[in-house]
Amino acid sequence: MSPPDYRAEPTLGVVPPPPPRPPASKPPKPRRRRRYFGGVLGVLTTLAAVVLLGGSIAAFGIYRQVAADLPDYRWLADYQPPQMSRIYAADSRLLAELATERRVFVPIEAIPRRLQAAFVSAEDQRFWEHHGVDPIGILRATLTAVENTAPAGGSAAPRPSPSRWPRTCWWAPTGR
């Protein structure tokens, strides 16, 4: 029997596999990816949803409160405005007109188009382009109100003008 040979065997460029690892007690945790909806973006989204829901509930409550005080709209179909009572003589002369308000009913067809356009242009130039509520007009009015606001502060009490100071101050001579 020959003694054992402890020389390394020629590998011919092949690397031997590493020795097997002993089994670990816990498997390694998978690398956690960042989730945007779990972080700040998720909080902001949730907050926006809560604010939107709360605003919707508040708007509905305000609508219900205002709508409860409104009159029934169906009476507009049968609206009879107060008119004058006219008393005529036998020869068709007008003797008197009796009324609390001097109103004469004129159908819209009897009013000339130009006069209708004059009233509309004085009130609402976009009257024929919207269905009763003009969102562009509301936005324009809002922007005008914001732009024309007076600076805050100051007293609400009126100040006497300097030309009237001698007559309005208690220490001024009375001129007797």
Side-chain angles (χ1 to χ4, degrees), residues 26-88 94-165 167-171:
K26 290 183 179 178
K29 288 185 178 180
R31 189 171 174 191
R32 186 173 179 190
R33 293 181 358 189
R34 286 189 178 196
R35 294 186 312 172
Y36 289 109
F37 282 106
V40 176
L41 191 59
V43 171
L44 290 176
T45 304
T46 305
L47 182 64
V50 167
V51 167
L52 184 65
L53 180 66
S56 299
I57 292 171
F60 181 72
I62 291 171
Y63 166 75
R64 293 287 302 216
Q65 184 73 24
V66 169
D69 294 337
L70 293 176
D72 188 19
Y73 64 90
R74 285 177 234 136
W75 69 274
L76 289 173
D78 299 324
Y79 178 63
Q80 297 292 325
Q83 296 181 16
M84 291 187 299
S85 295
R86 293 181 175 165
I87 302 173
Y88 292 97
L94 181 63
L95 292 178
E97 292 178 337
L98 307 172
T100 55
E101 296 177 358
R102 187 177 171 92
R103 292 186 180 188
V104 177
F105 178 75
V106 178
I108 192 74
E109 295 83 22
I111 300 173
R113 280 285 198 206
R114 193 166 182 144
L115 183 59
Q116 291 178 22
F119 281 118
V120 169
S121 70
E123 294 295 326
D124 183 7
Q125 294 175 359
R126 293 176 30 88
F127 179 78
W128 304 112
E129 298 172 17
H130 58 77
H131 298 287
V133 177
D134 185 11
I136 296 172
I138 292 172
L139 181 63
R140 183 176 54 243
T142 303
L143 290 176
T144 302
V146 168
E147 289 174 356
N148 294 337
T149 56
S155 173
R159 259 185 26 181
S161 66
S163 65
R164 294 181 49 102
W165 279 354
R167 289 179 277 165
T168 57
C169 295
W170 61 273
W171 64 82

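Within the model, atoms CD of Gln65 and CZ of Phe60 stand 12.0 Å from one another, a figure rounded to the nearest 0.5 Å. Asp69 contributes atom CG, which lies 12.0 Å from atom CZ of Arg64 (distance to the nearest 0.5 angstrom). Atoms CD1 and CG, from Ile57 and Leu52 in turn, are 10.0 Å apart once rounded to the nearest 0.5 Å. Remark: Thr45 OG1 to Leu41 CG distance equals 4.5 Å, nearest 0.5 Å. Rounding to the nearest 0.5 angstrom, the gap separating the OG1 atom in Thr142 from the CG atom in Leu139 is 6.0 Å.
Listed by chain and number, the residues in a side chain to side chain donor-acceptor pair (under 3.5 Å) with Gln116 are Arg113 (sequence neighbours excluded). Remark: Glu101 pairs with Arg103 by the side chain to side chain donor-acceptor pair (under 3.5 Å) rule, at least two apart or across chains. In this view, Arg126 and Glu129, Asp134 satisfy the side chain to side chain donor-acceptor pair (under 3.5 Å) rule, not counting sequence neighbours.
The heavy-atom pair separating Val120 from Trp128 by the smallest distance is CG1-NE1, 3.9 Å.
At least one side-chain heavy atom of Asp124 sits less than 4.5 Å from a side-chain heavy atom of His130.
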